[in-house]
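Letters A, B, ... mirror the listed sequences (proteins, then strands); counts begin at 1. Only a predicted model underlies this, so the values are computations on that prediction, with no experimental measurement involved.
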Number of protein chains: 2
Amino acid sequence: MLKNMPDLSHGDDVAAVNSLRSAVMRLSRRLKHQRVDESLSPTEMSVLGTLSLCGSATPGELARKEHVQPPSMTRIVALLESKGLVRLEPHPEDRRQKVVSRTERAEVMLEESRRKRNAFLASLVENLDEDEWAKLRAAAPVLEKLAHL
Amino acid sequence: MLKNMPDLSHGDDVAAVNSLRSAVMRLSRRLKHQRVDESLSPTEMSVLGTLSLCGSATPGELARKEHVQPPSMTRIVALLESKGLVRLEPHPEDRRQKVVSRTERAEVMLEESRRKRNAFLASLVENLDEDEWAKLRAAAPVLEKLAHL
DNA sequence: CATGTTCTTTAGCATAACTCATTACCCTCG
DNA sequence: CGAGGGTAATGAGTTATGCTAAAGAACATG
């Protein structure tokens, strides 16, 4: 696991980590304001996004994935259900748990949201040249891997 | 300005924008938890960071930069002042306004905070191989440019 | 079974943002 | 001048969104 590890003792690498961190924080702040539906909080959107990837999950799994405490996820899920964006079903094997899955309506809303945020990001990206964009495109999957560690 | 512009109509590019967006959001959520001082909110830290770049600014300017309403910035600035992290002085030309600037103590705390967050990011980065890290390092300045657009 | 563990939920609370209204100040036009 | 409109900061009250502590139900293991 330790082979091929980047050597972070170099000054260049420290600078890169620094610039990565600040860029990520700033970008996220800007993206956060690009909500498609004002009545849905960022975390709620994020939960829907996770469900869109996973298909379905229990509240506990969702809480862990979103880095939120279980009680908070209970509330979020209840709110999403009241808006008709998720469905709650009993867990087939463990009656303590529940299974949360998205509805059609959530899928529509997610698509719209992605379009809007992507449009925003894309409008920023238009200020880059081909070379810069290529670097970004190459790094996207790595960033995603990083985010899921 | 439009020469060399990336063509975002390609499917690959749309996917890249998508993955960039979600990765940035997730990473930021994790970085947000790496606070050096629990008594300072992310926005408060961000204000200090902005002041570190700008030198000084009025509350109104800060509110616009942080995408926060003026009354919120009033409260934030007051809190930061009570902790000795910013200084408030009357505006030289307009007595309605005030000028906010950071103190030495803020600079020290910012440095510590950067160290901590960098350490967290670096610990994630250790799970990448050389190639992935190289891609990320190449993209870092581009991301930063993007965030400042 | 009995005991302990895990998953969800309930209840209560803390924080940090918002909106609306107020005050102080600047600036322009009659 | 000085009256009125515009802008900056702030005060008060509300809302949103997270947390902790603890309870209740279901599972698992001795």
Side-chain angles (χ1 to χ4, degrees), chain A residues 25 28-35 37-51 54 56-83 85-101, chain B residues 25-26 28-35 37-51 56-83 85-101:
Chain A
M25 292 302 284
S28 77
R29 197 130 19 100
R30 299 188 62 175
L31 285 172
K32 207 170 63 175
H33 286 286
Q34 298 299 116
R35 298 196 206 173
D37 184 345
E38 291 303 327
S39 69
L40 233 51
S41 79
T43 308
E44 287 163 350
M45 281 304 301
S46 183
V47 169
L48 288 183
T50 299
L51 281 177
C54 305
S56 63
T58 68
E61 285 168 352
L62 287 174
R64 280 187 293 276
K65 283 185 189 179
E66 301 295 330
H67 291 102
V68 147
Q69 294 304 306
S72 304
M73 190 49 71
T74 292
R75 250 225 301 256
I76 290 166
V77 166
L79 224 151
L80 289 175
E81 190 193 20
S82 78
K83 288 178 184 167
L85 295 169
V86 303
R87 215 186 330 274
L88 271 144
E89 289 161 304
H91 194 285
E93 296 162 9
D94 186 339
R95 278 185 297 170
R96 289 172 303 181
Q97 302 184 54
K98 294 180 179 174
V99 176
V100 188
S101 56
Chain B
M25 292 302 286
R26 275 172 193 280
S28 77
R29 196 131 17 103
R30 302 190 60 177
L31 284 171
K32 207 169 63 175
H33 286 293
Q34 297 300 117
R35 302 194 202 172
D37 183 346
E38 291 303 325
S39 68
L40 234 51
S41 79
T43 309
E44 287 159 355
M45 281 304 300
S46 181
V47 168
L48 288 183
T50 299
L51 282 177
S56 64
T58 69
E61 286 168 351
L62 288 174
R64 280 186 294 276
K65 283 185 189 178
E66 302 294 331
H67 296 283
V68 147
Q69 295 303 307
S72 304
M73 191 48 71
T74 292
R75 193 181 43 76
I76 290 166
V77 165
L79 218 149
L80 290 175
E81 190 194 20
S82 78
K83 288 180 182 167
L85 296 169
V86 304
R87 217 186 328 273
L88 272 144
E89 290 160 303
H91 194 284
E93 296 162 9
D94 186 340
R95 275 185 299 168
R96 288 172 305 180
Q97 302 184 54
K98 295 178 178 176
V99 176
V100 187
S101 56

*Asks:* Does the side chain of A:Leu85 come within less than 4.5 Å of A:Leu79's, by heavy atoms?
*Replies:* no
*Asks:* Each nucleotide N or O in nucleotides 4-10 of chain C that has a protein N or O under 3.5 Å away: list the pair and distance.
*Replies:*
from  : atom 1 : to      : atom 2 : distance (Å)
C:dT6 : O2     : A:Arg96 : NH1    : 2.6
C:dT8 : OP1    : A:Pro59 : N      : 3.4
C:dT8 : OP2    : A:Gly60 : N      : 2.6
C:dT9 : OP1    : A:Lys98 : NZ     : 2.3
C:dT9 : OP2    : A:Thr74 : OG1    : 3.3

*Asks:* Of all heavy-atom pairs between A:Lys98 and A:Pro59, which one has the smallest distance, and what is that distance?
*Replies:*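 Heavy atoms only, the tightest pair is O-CD, 3.3 Å.
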*Asks:* Take the protein atom CG of A:Leu40 and the nucleotide atom P of D:dT15, then report the distance between them rounded to whole Å.
*Replies:* 19 Å
*Asks:* Can you tell me how far P of C:dC18 sits from CZ of B:Arg75, to the nearest Å?
*Replies:*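 Whole-Å distance recorded here is 9 Å.
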*Asks:* Using atom CD of A:Glu66 as one end and atom P of D:dC19 as the other, report the distance to the nearest whole Å.
*Replies:*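 Atom CD in A:Glu66 sits about 11 Å away from atom P in D:dC19.
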*Asks:* Start with the C-alpha gap between B:Val47 and B:Leu51, add the side-chain angles, then the distance that decides, and say whether side chain to side chain contact (heavy atoms under 4.5 Å, CB included) holds.
*Replies:* CA-CA 6 Å; B:Val47 168; B:Leu51 282 177; 4.3 Å; yes
*Asks:* Can you find a pair of side-chain heavy atoms, one from A:Leu62 and one from A:Val68, that are under 4.5 Å apart?
*Replies:* no
*Asks:* What is the separation between atom CD on B:Glu81 and atom C1' on D:dT10, rounded to the nearest whole Å?
*Replies:*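 The distance from CD of B:Glu81 to C1' of D:dT10 comes to 14 Å, rounded to the nearest Å.
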*Asks:* Which heavy atom in A:Val99 sits nearest to a heavy atom in A:Pro90, and how many Å separate them?
*Replies:*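 Smallest heavy-atom distance, with atoms named: CG2-O, 4.3 Å.
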*Asks:* Between D:dG11 atom P and B:Leu79 atom CG, what is the distance in whole Å?
*Replies:*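 Atom-to-atom, B:Leu79 to D:dG11, this comes out as 13 Å.
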*Asks:* Below 4.0 angstrom from OP1 or OP2 of C:dA17, is there any side-chain N or O of B:Gln69?
*Replies:* no
*Asks:* Under the side-chain hydrogen bond (donor to acceptor under 3.5 Å, both in side chains) criterion, do A:Glu66 and A:Thr43 qualify, and how do the steps go?
*Replies:* CA-CA 8 Å; A:Glu66 301 295 330; A:Thr43 308; over 6 Å; no
*Asks:* Would you say A:Arg95 places a side-chain N or O within less than 4.0 Å of OP1 or OP2 belonging to D:dC27?
*Replies:* yes
*Asks:* What's the CD-P distance between B:Glu93 and C:dA24, to the nearest Å?
*Replies:*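 Checked: the CD to P distance equals 23 Å.
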*Asks:* Report the distance from atom CD1 of B:Ile76 to atom P of D:dT10, rounded to the nearest whole Å.
*Replies:* 12 Å
